[in-house]
Amino acid sequence: MGRLVNEKRIIKKLKPENAGNLLVFCEGNTEYNYLNFFKDYLEKRLSVPYSNMVIEPINTSGNAMHVYRYAEDFLNIDVNRRKYALYEKHLVFDCDAPVNIQDVIDLMINSDNEYILDYSNLLFETWLLMHFQRIDIHDIVDKRSIINQIRNHLDVLEYNSKVKASKGMIAKILGNDGNAKVRNAIENAKHLEEFWKKEKYKMEHDIKKMNPSVMIYELIERLLDEIDYFCN
């Protein structure tokens, strides 16, 4: 099983703010399994008392628009709206589809549900690839190149839906030093974020130009900080 904690803590704050109550809508199985790994670590291994993450997976045939519509419909149900009224609401999605992804992001931003957008551009695999190698702004990050590189790192002939849906795949990605891998991925994501800021590009207007970039790192960093704190 992948490890998220080492003997030495890598944490800047003495005591991180707890992750709190999170309602997370995921585009597919890969995102769900990845986040569920952290959820299980917090709840089953550590019994963290202050955090609660509820993950709502979307059908794997979905895309960013399906994630948005599912979340809106889900929260339009009275019992759900009341139950999760005080939860942070996160949308985890890729930016490869639909073609009008900028319009979809506009809908998400302007929703009354005040979503936090944990996107991966171009794919969630962009984020996963950062666990193995640094991605530079000038790297080729089209869909084929990302999948081929992930396939090589995982040492599989095909990176298909069966492999992506496998719960063991996340443990394989994290390996025996998951903490360091995730921290490196977070720093890579921050480096890319700083580049786009200097270029004055913003998700609200320029998402198609901002490839590669990921914002899911912010959620993962919060979860990992909490895991580190309670394991020490």
Side-chain angles (χ1 to χ4, degrees), residues 4 10-13 16-17 19 24 26-28 30-31 34-35 38 63-65 67-68 88 90-110 114-154 159 170 173-175 177-225 228:
L4 290 175
I10 309 173
I11 186 168
K12 296 178 180 178
K13 296 180 180 179
E17 180 183 355
V24 184
C26 289
E27 182 173 323
T30 313
E31 294 89 334
Y34 185 91
L35 287 167
F38 286 81
N63 57 34
M65 178 60 89
V67 174
Y68 167 73
E88 279 188 8
H90 292 251
L91 303 181
V92 178
F93 61 95
D94 298 343
C95 295
D96 63 323
V99 175
N100 63 331
I101 183 65
Q102 193 67 69
D103 294 334
V104 178
I105 286 177
D106 189 54
L107 289 171
M108 293 173 173
I109 292 172
N110 289 298
E114 299 181 336
Y115 298 118
I116 296 173
L117 277 53
D118 300 314
Y119 69 81
S120 299
N121 196 9
L122 189 63
L123 306 170
F124 186 70
E125 281 73 16
T126 304
W127 167 248
L128 296 182
L129 190 57
M130 290 178 179
H131 292 58
F132 296 103
Q133 66 187 60
R134 187 175 180 85
I135 295 180
D136 188 71
I137 197 67
H138 302 297
D139 289 343
I140 299 174
V141 284
D142 59 70
K143 203 168 184 175
R144 177 178 293 182
S145 68
I146 293 169
I147 297 303
N148 284 341
Q149 290 178 83
I150 281 288
R151 186 188 63 195
N152 291 336
H153 283 297
L154 293 176
Y159 184 72
I170 302 305
I173 289 172
L174 294 175
D177 198 7
N179 193 301
K181 278 190 169 184
V182 177
R183 293 292 179 189
N184 287 337
I186 289 170
E187 290 308 309
N188 192 174
K190 289 180 178 179
H191 172 75
L192 293 174
E193 183 183 12
E194 284 303 311
F195 174 85
W196 294 121
K197 282 183 179 179
K198 290 179 181 178
E199 294 294 310
K200 301 189 184 304
Y201 286 169
K202 295 183 178 181
M203 168 191 67
E204 293 86 343
H205 311 290
D206 309 298
I207 195 63
K208 287 194 173 184
K209 298 176 183 177
M210 296 170 61
N211 180 23
S213 63
V214 297
M215 286 307 294
I216 192 171
Y217 86 83
E218 292 187 332
L219 172 59
I220 302 306
E221 185 173 39
R222 286 170 60 189
L223 297 175
L224 191 55
D225 279 355
D228 277 343

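Keep in mind the model is a prediction, meaning the values are calculated, not measured.
- With contacts defined as side-chain heavy-atom distances shorter than 4.5 Å, the pair H153/Q133 qualifies.
- Every pair tested for salt bridge (Lys or Arg N to Asp or Glu O under 4.0 Å) that includes a residue from residues 116-138 fails, sequence neighbours excluded, so the list is empty.
- Minimum interatomic distance between A64 and E27 (heavy atoms only, all atoms of both residues): N-OE1, 3.9 Å.
- Here the side chains of C26 and V24 are in contact, with some heavy-atom distance below 4.5 Å.
- For the atom pair N184 CG and M130 CE, the distance stands at 11.5 Å (nearest 0.5 Å).
- Taken to the nearest 0.5 Å, the CD1 atom of I150 stands 8.5 Å off from the CD1 atom of I146.
- Looking only at distances, no side-chain donor or acceptor of K208 sits under 3.5 Å from a matching main-chain atom of C95.
- The aromatic rings of Y201 and W196 sit parallel to each other, their planes meeting at less than 30°, with 60° as the upper class boundary.
- In this structure, the side chain of N110 engages the main chain of D106 through a donor-acceptor pair within 3.5 Å.
- A distance of 10.0 Å separates CZ in R151 from CZ in R144, rounded to the nearest 0.5 Å.
- Comment: K190 does not engage E218 in a salt bridge, judged by the lack of any side-chain N to carboxylate O separation of less than 4.0 angstrom.
- The shortest distance between side-chain heavy atoms of M108 and F93 falls below 4.5 Å.
- Using a 4.5 Å heavy-atom cutoff, the side chains of P98 and V104 are in contact.
- Side chain of Q102 to main chain of M203: a donor-acceptor pair is present (N/O by atom type, distance under 3.5 Å, no hydrogens or angles).
- Between E194 atom CD and I137 atom CD1 the span is 12.0 Å, to the nearest 0.5 Å.
- Under the 4.0 Å criterion applied to side-chain N and carboxylate O atoms, R183 and D177 are not assigned as salt-bridge partners.
- A heavy-atom distance below 4.5 Å is found between the side chains of I220 and V182.
- D142 places a side-chain N or O within donor-acceptor distance of the main-chain N or O of S145, the cut-off being under 3.5 Å.
- For the side chain to side chain contact (heavy atoms under 4.5 Å, CB included) test, residues two or more places apart in sequence or in another chain that qualify with D96 are D94, L122, L123, K143.
- Taking the six-membered ring for Trp and the full ring otherwise, F124 and Y34 have centroids separated by under 6.0 Å.
- Remark: the Y217 side chain and the E193 side chain contain an N/O donor-acceptor pair separated by less than 3.5 Å.
- For the atom pair NZ (K209) and CD (E199), the distance works out to 10.5 Å, reported to the nearest 0.5 Å.
- Rounding to the nearest 0.5 Å gives a distance of 9.0 Å between CD of E204 and CG of L117.
- By the 4.5 Å heavy-atom criterion applied to side chains, V214 and Y119 are not counted as neighbours.
- Between the side chain of W127 and the main chain of M215, no donor-acceptor pair closer than 3.5 Å is present.
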